Enquirer: 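I have a structure here, written as structure tokens, and I will follow up with some questions on it.
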Amino acid sequence: MAASCILLHGQPDRDEYHDSRFPSASNSHWFPWMQKNLLIHGIAAHTPEIPDSWNPHYPTWATEFERYELTPETSLVGHSCGGGFLLRWLSEHPDVEVGRVVLVAPWLDPRREETTDFFDFTIDPLVPTRTARLTVFHSDDDADDIQESVGMILAAVEGVAAREFHGYGHFCRGDLGSDEFPELLDLLLG
């Protein structure tokens, strides 16, 4: 089996989503750089674009995500809402085994301020047993709801590798000061 990676973006702001001056969510921040570098290393990298991602609707996200074949050689990366989606999807599909899973600044909308039922699920504490490794990347200066989401994940799931960064914010272009994200690439290639 050939190695592959699915890079799943988060929830953009409504105005950003509808403004043609901004790239699509799958082409923002470090996603193009990551996709190109994975391709250079022989890993088929996919960046699905979720329609109307500014207003998360779980069945829509699931339909777009499920277009891709998942194998034990498939790594998954989800940023923000995309990370929360991956955790829900993997929790609800206990028969699926995948490669590395990296949740970058995962968001679960802990106070349900922006989503309704998108995150109505129980985190399966056994998710890491069905992955090559489950890692959470988070930064000490990210928003409170991200900090709370990370806390929820770490409390519910044993065997998660957590890596805290200093000053990386929400891991967006402005926070990183670059379109590059070498720490994530190193983990995926390691």
Side-chain angles (χ1 to χ4, degrees), residues 1-11 25-26 30-31 34-35 37-39 41-53 55-110 112 115-138 146 149-163 171 181 183-190:
M1 274 181 266
S4 65
C5 183
I6 300 171
L7 304 162
L8 195 57
H9 65 75
Q11 174 192 11
S26 68
W30 41 266
F31 280 79
M34 187 64 59
Q35 183 177 33
N37 278 280
L38 291 171
L39 290 169
H41 286 89
I43 299 170
H46 309 284
T47 56
E49 188 68 44
I50 309 298
D52 296 320
S53 54
N55 184 24
H57 179 248
Y58 184 78
T60 301
W61 285 62
T63 296
E64 295 304 316
F65 177 71
E66 291 169 359
R67 294 178 191 274
Y68 299 90
E69 180 182 9
L70 299 178
T71 72
E73 299 296 318
T74 306
S75 293
L76 304 174
V77 176
H79 178 238
S80 194
C81 186
F85 167 82
L86 289 177
L87 187 59
R88 175 177 177 178
W89 195 91
L90 290 168
S91 290
E92 294 179 349
H93 293 84
D95 55 324
V96 175
E97 292 185 18
V98 295
R100 296 173 194 263
V101 176
V102 186
L103 308 178
V104 179
W107 180 61
L108 298 174
D109 194 12
R112 297 298 186 269
T115 62
T116 52
D117 62 352
F118 192 84
F119 292 117
D120 286 345
F121 75 107
T122 301
I123 298 172
D124 179 357
L126 299 177
V127 166
T129 66
R130 300 188 310 273
T131 73
R133 177 125 189 157
L134 175 60
T135 305
V136 173
F137 277 14
H138 61 104
I146 300 298
S149 296
V150 169
M152 292 167 59
I153 295 167
L154 298 180
V157 183
E158 289 186 31
V160 175
R163 179 154 179 213
F171 297 87
F181 193 174
E183 297 89 346
L184 177 58
L185 180 63
D186 289 346
L187 179 70
L188 293 171
L189 297 178

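None of the values given here were measured: they were computed from a predicted structure.
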Enquirer: Kindly indicate whether the side chain of Thr122, heavy atoms from C-beta on, has any atom under 4.5 Å from the side chain of Ser91.
Expert: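 With C-beta onward as the side chain, the pair stays apart.
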Enquirer: With Val77, which of Leu188, Thr47, Val101, Leu86 fulfils side chain to side chain contact (heavy atoms under 4.5 Å, CB included)?
Expert: Leu188
Enquirer: Is Ser75 reaching over with its side chain to a backbone N or O of Cys5, donor-acceptor style, under 3.5 angstrom?
Expert: no
Enquirer: According to the interplanar angle, ranging from 0 to 90°, do the rings of Phe65 and Trp89 count as parallel (below 30°), tilted (30 to 60°) or perpendicular (above 60°)?
Expert: perpendicular
Enquirer: Looking only at atom types and distance, does a side-chain atom of Glu64 sit under 3.5 Å from a main-chain N or O of Ile50, one as donor and one as acceptor?
Expert: no
Enquirer: Taking ring pair (Phe, Tyr, Trp, His ring centres under 6.0 Å) as the test, write out the residues that go with Phe119, two or more places apart.
Expert: Trp107
Enquirer: If we ignore hydrogens and angles and just use 3.5 Å, is the side chain of Arg88 paired with the main-chain N or O of Phe118 as donor and acceptor?
Expert: yes
Enquirer: Grab the two heavy atoms, one from Pro128 and one from Gly159, that are nearest each other, plus how far apart they are.
Expert: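 So the minimum-distance heavy-atom pair works out to CB-O, 4.1 Å.
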Enquirer: When you compare the side chain of Leu90 with that of Leu134, does any pair of heavy atoms fall below 4.5 Å?
Expert: no
Enquirer: Hey, does Ile153 have a side-chain heavy atom less than 4.5 Å from the side chain of Leu103?
Expert: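 Sidechains of Ile153 and Leu103: in contact.
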Enquirer: Which residues satisfy the side-chain contact (heavy atoms from CB on, under 4.5 Å) test with Ala156, sequence neighbours excluded?
Expert: Ile123
Enquirer: Taking all atoms of both residues into account, what is the closest heavy-atom pair of Met152 and Pro110, and its distance?
Expert: SD-CB, 3.7 Å
Enquirer: Using atom types as modelled and distance alone, determine if a side-chain donor or acceptor of Glu97 lies under 3.5 Å from a backbone N or O of Pro72.
Expert: no
Enquirer: Are Tyr68 and Thr74 close enough that some pair of their side-chain heavy atoms sits under 4.5 Å apart?
Expert: no
Enquirer: Could you check whether any side-chain heavy atom of Ile146 comes within less than 4.5 Å of a side-chain heavy atom of Phe171, counting everything from C-beta outward?
Expert: no
Enquirer: Any donor and acceptor pair, going by atom type alone, linking the side chain of Glu73 with main-chain N or O of Gly99 inside 3.5 Å?
Expert: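 It does not hold such a pair.
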Enquirer: Taking atom CZ as the centre, does Arg133 end up with more than 12 heavy-atom neighbours from other residues, nucleotides or ligands that are less than 6.0 angstrom away?
Expert: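 Count not over threshold, so no.
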Enquirer: Go through the structure and list residues passing ring pair (Phe, Tyr, Trp, His ring centres under 6.0 Å) with Phe121, not counting sequence neighbours.
Expert: none
Enquirer: Is there side-chain contact between Leu38 and Leu185, with heavy atoms separated by less than 4.5 Å?
Expert: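 When only atoms from C-beta onward are counted, Leu185 and Leu38 do touch, with a gap below 4.5 Å.
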Enquirer: Are Arg112 and Asp120 close enough that some pair of their side-chain heavy atoms sits under 4.5 Å apart?
Expert: yes
Enquirer: Specify the closest pair of heavy atoms between Ser149 and Asp109, including all atoms of both residues, with the distance to one decimal.
Expert: OG-N, 4.1 Å
Enquirer: Mind checking whether Pro94 and Arg130 have side chains closer than 4.5 Å, heavy atoms only?
Expert: yes
Enquirer: Please verify the inter-ring angle class for Phe31 with His79; under 30° counts as parallel, over 60° as perpendicular, anything in between as tilted.
Expert: perpendicular
